[in-house]
Amino acid sequence: QVQLVESGGGWVWPGGSLRLSCKASTEIVSVGAMGWYRQTPGKERELVATITSSGDTTYSDSAKGRFTISRDNAKSTVSLQMDSLKPEDTAVYYCRGDPKYGGVWSRVYWGQGTQVTVSS
């Protein structure tokens with residue numbers, strides 16, 4: 001069983017920054033896509049950002065220009081740098097890994113989530 005463990009969540013003032021990290025229990029260099037998703041009560045889980053094994057990135061409209069996703073394959077980690085945070089960014093953030101057409105994983109894996117709260 002693959003484990004994805006998120007860290008770095010917490011409380012921050014509007015306009016502040018947080019850096020989330022996700023560490024996998026296996027190597028991720030061959031994992032097709034790693035990403036961050038978020039969810040608030042009463043809403044569906046939504047994509048925030050993804051990064052493929054080749055380095056291609058995807059961001060939600062709300063994340064573009066403010067968030068940056070990166071992966072450190074040597075450390076089996078995926079990070080999300082979040083700047084200019086807004087109250088509407090408040091959510092539980094989840095790490096996700098999708099093997100796509102290759103890699104050591106046989107299915108999608110999710111982390112347990114980490115709370116991000118942006119308020120004054």
Side-chain angles (χ1 to χ4, degrees):
Q1 184 83 298
V2 176
Q3 291 187 329
L4 302 176
V5 181
E6 301 100 331
S7 63
W11 175 89
V12 66
W13 294 107
S17 299
L18 285 174
R19 184 176 179 85
L20 306 182
S21 295
C22 168
K23 184 173 179 61
S25 60
T26 70
E27 64 86 19
I28 64 168
V29 66
S30 61
V31 177
M34 299 295 298
W36 287 93
Y37 292 69
R38 68 187 183 188
Q39 187 170 27
T40 57
K43 298 181 63 178
E44 296 181 6
R45 189 171 298 183
E46 64 179 9
L47 180 150
V48 177
T50 63
I51 183 167
T52 70
S53 58
S54 61
D56 296 322
T57 58
T58 299
Y59 296 95
S60 67
D61 288 339
S62 64
K64 290 179 181 177
R66 299 188 300 127
F67 295 0
T68 302
I69 189 171
S70 61
R71 56 195 294 172
D72 185 339
N73 292 327
K75 296 182 178 180
S76 295
T77 59
V78 178
S79 298
L80 184 69
Q81 177 66 42
M82 304 186 293
D83 299 319
S84 301
L85 284 163
K86 306 173 181 179
E88 50 263 46
D89 294 318
T90 296
V92 177
Y93 284 71
Y94 296 89
C95 181
R96 179 184 188 269
D98 187 343
K100 297 294 185 179
Y101 294 102
V104 67
W105 298 358
S106 60
R107 67 172 179 86
V108 170
Y109 286 93
W110 290 89
Q112 82 287 350
T114 185
Q115 177 71 46
V116 171
T117 302
V118 185
S119 65
S120 59

Requested in this report: Would you confirm whether Arg71, through its side chain, and Ile51, through its main-chain N or O, come within 3.5 Å as a donor-acceptor pair?
Outcome: yes
**Report entry** Ile69 and its side-chain contact (heavy atoms from CB on, under 4.5 Å) partner, picked from Leu20, Val48, Val78
**Finding:** Val78
Requested in this report: Can you establish whether the number of heavy atoms outside Glu44 located under 6.0 Å from its atom CD is more than 12?
Outcome: no
Query raised in the report: Between Phe67 and Leu85, does a side-chain contact (heavy atoms from CB on, under 4.5 Å) hold up when you go through it step by step?
Result: CA-CA 9 Å; Phe67 295 0; Leu85 284 163; 3.9 Å; yes
Query raised in the report: Are Leu4 and Tyr94 close enough that some pair of their side-chain heavy atoms sits under 4.5 Å apart?
Result: no
Requested in this report: Give, for atom NZ of Lys64 and atom OG1 of Thr58, the distance between the pair rounded to the nearest 0.5 Å.
Outcome: 8.5 Å
Requested in this report: Kindly say whether Val118 contributes a backbone atom to a donor-acceptor pair with the side chain of Thr90 at under 3.5 angstrom?
Outcome: yes
Requested in this report: May I ask you to test the Ser79-Ser21 pair for a side-chain heavy-atom distance under 4.5 Å?
Outcome: yes
Query raised in the report: Looking at OG1 of Thr68 and CZ of Arg66, how far apart are the two atoms once the value is rounded to the nearest 0.5 Å?
Result: 11.0 Å
Query raised in the report: Any idea which heavy atoms bring Trp36 and Cys22 closest together, and the distance?
Result: CZ2-CB, 3.6 Å
Requested in this report: First locate atom CH2 of Trp110, then atom CZ of Arg96, and finally report the distance between them rounded to the nearest 0.5 Å.
Outcome: 5.5 Å
Requested in this report: Decide yes or no on side-chain hydrogen bond (donor to acceptor under 3.5 Å, both in side chains) for Thr117 and Ser119, but give the supporting numbers first.
Outcome: CA-CA 6 Å; Thr117 302; Ser119 65; over 6 Å; no
**Report entry** Heavy-atom donor-acceptor pair, Glu6 side chain to Gly113 backbone, under 3.5 Å
**Finding:** yes
Query raised in the report: How many angstroms lie between atom NZ of Lys100 and atom OG of Ser30, to the nearest 0.5 angstrom?
Result: 14.5 Å
Query raised in the report: Is there a donor-acceptor contact under 3.5 Å linking the side chains of Ser62 and Arg38?
Result: yes
Query raised in the report: Counting heavy atoms not belonging to Glu46, are there more than 12 under 6.0 Å from its CD?
Result: yes
**Report entry** SG-CD distance between Cys95 and Gln3, expressed to the nearest 0.5 angstrom
**Finding:** 12.5 Å
Query raised in the report: Taking 4.0 angstrom as the limit, do Lys86 and Asp89 come out as a salt bridge?
Result: no
Query raised in the report: Would you find a donor on one side and an acceptor on the other, under 3.5 Å apart, between the side chain of Tyr59 and the backbone of Gly65?
Result: no
